Amino acid sequence: MLVNIKWNKQVFPLEFDPEDGVEMFKSQVYSLTAVPMERQKLMAKGAWIGTLKDDADLTKMKLKEGHNVMLMGTAEVVVAPTEKVNFIEDMSKTELAEQGVTVSAGLHNLGNTCYMNATVQCFRHMPELREALVPVSRGDMFTSSLRDTFTQLDRSPDPVTPQAFVMTLRSQFPTFAQQGSNGGFMQQDAEEFYNTMVQSVASGLASVNKNINSFIGIEMEEELTCAETTAETPTKRTENVFKLTCNIQGGHGAPVSIDYVQEGLKLGLEGSVEKHSAVLGRNAVWNKTQKISKLPRYLCIHFMRFFWKATPDSMDHSGVKCKIMRPVMYPEIFDVYEFCSDNLQAALKSNRDAADALAEEHFAKKFKGEGAEEQKEDKKEELGPDTESVPMDLDTPVTETSVSSSSAYDFGEGIPKNFRGQYEIMGVVTHKGRSADSGHYIGWVRQEAGSDIWWKYDDDKVTQVGTAEILELKGGGDWHTAYLTFYRFKE
């Protein structure tokens with residue numbers, strides 16, 4: 001396995017075998033840096049917490065190819081350092097938090113604000129969006145206080161109290177300041193908060209000439225065709241949305257049973273509306289279909305689990321907001337191809353065909369080389385044991401950069417030209433309970449792209465979980481159920 005040892009602004013590539021143990025690993029680090037083993041403080045964000053212990057089992061660590069390992073310690077030959085060397089024992093809690101050595105900070109619940117805490121933690125792990133928020137002035141109280149909350153979370157080893165942001169939210173949007181009969185703040189819907197937050201952040205970004213669509217905006221092509229006459233010309237338009245909706249239908253008597261998110265998305269992108277027909281001279285039924293024409297860096301999927309149920313026999317006849325408990329499975333890697341417009345599909349297919357052709361060429365050369373090696377071995381046996389064969393180096397890996405795009409299609413700002421339409425899940429907001437007006441929300445966020453380690457943000461309590469647990473949040477009972485899922489484009 002190859003890792004990068006970062007020490008005093010220097011980077012040392014190091015190839016090692018995790019089965020050799022920590023002692024051998026440290027001896028290899030010593031050979032590169034001259035930092036004695038007893039002085040080495042090794043930290044790897046996402047692989048282990050704190051410094052590497054001598055009795056640790058490297059085979060059980062979450063290291064991956066190219067992982068950055070930070071080394072602290074002085075070398076045997078002391079030279080004037082280019083910058084001050086910080087020892088972990090001398091670092092403050094804030095510095096440790098910024099280096100990712102401690103557990104990620106959570107948010108205190110300020111009166112049924114779990115819906116907000118869970119969603120904010122997912123947005124916190126979108127670095128491109130956060131960078132865009134930096135120049136927003138404090139005149140935009142909502143966006144600037146959200147940005148400041150992100151900064152506090154990064155720098156704090158302890159849970160953060162988001163007092164300023166909650167006060168701003170409740171003052172600007174009274175819906176989130178509703179109080180119950182006991183005087184306490186009422187539970188709110190995480191999806192409604194998501195909509196509010198996105199619209200407010202969009203306004204803040206516009207003030208610094210940035211467009212939120214490049215981060216989470218989805219451009220949709222909508223076509224309406226009259227179901228009652230073919231003489232009516234279909235109408236087309238484009239619009240930007242900030243999420244896809246997975247319609248969930250199930251249970252006794254339901255016309256469609258949704259078991260997978262792809263099925264629910266198809267249902268959500270099709271429907272019918274009533275509008276005026278100039279040909280018929282009256283209102284008519286029109287079939288509506290939507291397709292994605294431009295993609296974002298981050299894709300949000302909303303599972304429509306709550307619905308309004310009439311209660312005519314109750315005293316107030318007001319009804320109640322109920323929850324669909326049906327399990328709906330979602331993938332770790334989400335392919336958007338089938339939901340895209342014809343033009344976008346053609347561009348994605350072009351990139352996929354180019355990647356497949358390159359892979360076939362690579363394997364053909366490899367198999368041809370293996371056949372040649374077998375022929376040489378046979379020839380060697382015929383000529384005798386003293387005959388040497390020339391080695392062949394045909395194991396050139398197929399990488400994303402090897403695939404050149406033959407398409408000039410504009411997938412969306414920040415999306416590479418060789419994109420093939422795959423997204424990796426990076427965040428989930430779950431709801432536990434049977435009503436939108438009660439229950440509890442939790443945020444789950446992948447630490448790094450491709451990592452198997454996730455942060456579970458249960459307000460101020462933060463723990464680590466694995467990807468397998470994330471994929472079990474599909475619903476079907478009173479356990480935590482996925483309500484919002486966030487996917488990042490896969491490079």
Side-chain angles (χ1 to χ4, degrees), residues 43-51 60-64 67-70 93-110 113-130 146-147 149-162 165 190 193-194 197 216 297-301 330 332-333 423-432 440-474 479-488 490:
M43 293 168 284
K45 185 177 180 180
W48 59 77
I49 296 178
T51 59
K60 296 182 180 179
M61 298 298 175
K62 302 298 182 180
L63 284 168
K64 58 185 180 182
H67 211 116
N68 292 327
V69 179
M70 185 173 70
K93 287 186 176 181
T94 299
E95 291 171 326
L96 290 172
E98 290 176 339
Q99 292 293 337
V101 178
T102 57
V103 173
S104 183
L107 288 164
H108 285 297
N109 192 313
L110 301 181
T113 56
C114 58
Y115 66 91
M116 181 202 77
N117 292 346
T119 312
V120 164
Q121 291 287 12
C122 289
F123 264 60
R124 173 191 174 190
H125 291 267
M126 299 180 183
E128 303 94 333
L129 178 60
R130 291 191 50 184
L146 176 63
R147 177 194 60 208
T149 301
F150 289 150
T151 303
Q152 292 175 37
L153 286 166
D154 288 344
R155 295 179 177 177
S156 176
D158 302 313
V160 169
T161 302
F165 181 65
F193 170 74
Y194 168 81
M197 179 170 63
I216 56 176
R297 283 177 253 194
Y298 295 90
L299 189 68
C300 175
I301 298 177
Y330 51 90
E332 182 179 1
I333 304 298
Y423 285 77
E424 179 184 61
I425 193 167
M426 56 76 62
V428 182
V429 173
T430 59
H431 178 267
K432 183 180 180 181
H440 184 57
Y441 289 97
I442 288 180
W444 316 67
V445 183
R446 190 189 291 269
Q447 289 189 12
E448 293 179 351
S451 172
D452 188 47
I453 305 177
W454 290 63
W455 293 122
K456 176 184 176 182
Y457 293 103
D458 186 356
D459 287 332
D460 56 321
K461 296 181 287 294
V462 183
T463 53
Q464 288 187 351
V465 298
T467 304
E469 186 169 342
I470 301 302
L471 299 178
E472 288 299 317
L473 303 172
K474 58 183 180 293
W479 186 239
H480 305 287
T481 303
Y483 186 46
L484 298 173
T485 56
F486 296 91
Y487 286 82
R488 184 184 188 276
K490 188 173 174 60

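Below, all heavy atoms of this structure are taken into account, side chains as well, without hydrogens, waters or symmetry copies. Note that the coordinates shown come from a computational prediction; the quantities given were computed from them, not determined experimentally.
A distance of 8.5 Å separates CD of Q121 from CZ of F150, quoted to the nearest 0.5 Å.
For Y487, the ring pair (Phe, Tyr, Trp, His ring centres under 6.0 Å) partners two or more places apart in sequence, or in a different chain, are F334. Looking at residues two or more places apart in sequence or on another chain, you find a side-chain contact (heavy atoms from CB on, under 4.5 Å) between E472 and K474. Taking T161 as the reference, nothing meets the side-chain hydrogen bond (donor to acceptor under 3.5 Å, both in side chains) condition, with sequence neighbours excluded.
Between T430 and the options Y483, W444, W479, a side chain to side chain donor-acceptor pair (under 3.5 Å) holds for only W444. The side chain to side chain contact (heavy atoms under 4.5 Å, CB included) test with C114 is passed by exactly one of L107, N109, I442: N109. Each of D452, V428, I453, T467 was checked for a side chain to side chain contact (heavy atoms under 4.5 Å, CB included) with R446, and the lone residue meeting it is T467.
A salt bridge between R488 and E128 is present, with a side-chain N of the basic residue lying under 4.0 Å from a carboxylate O of the acidic one. Taking a cutoff of 4.0 Å between a charged side-chain nitrogen and a carboxylate oxygen, K432 and D458 do not qualify as a salt bridge.
Judged by distance alone, the side chain of E424 and the main-chain N or O of G450 form a donor-acceptor pair under 3.5 Å.
Between the side chains of T119 and Y441, no donor-acceptor pair of N or O atoms lies under 3.5 Å.
The aromatic rings of Y457 and H125 are tilted relative to each other, their planes meeting at an angle between 30° and 60°.
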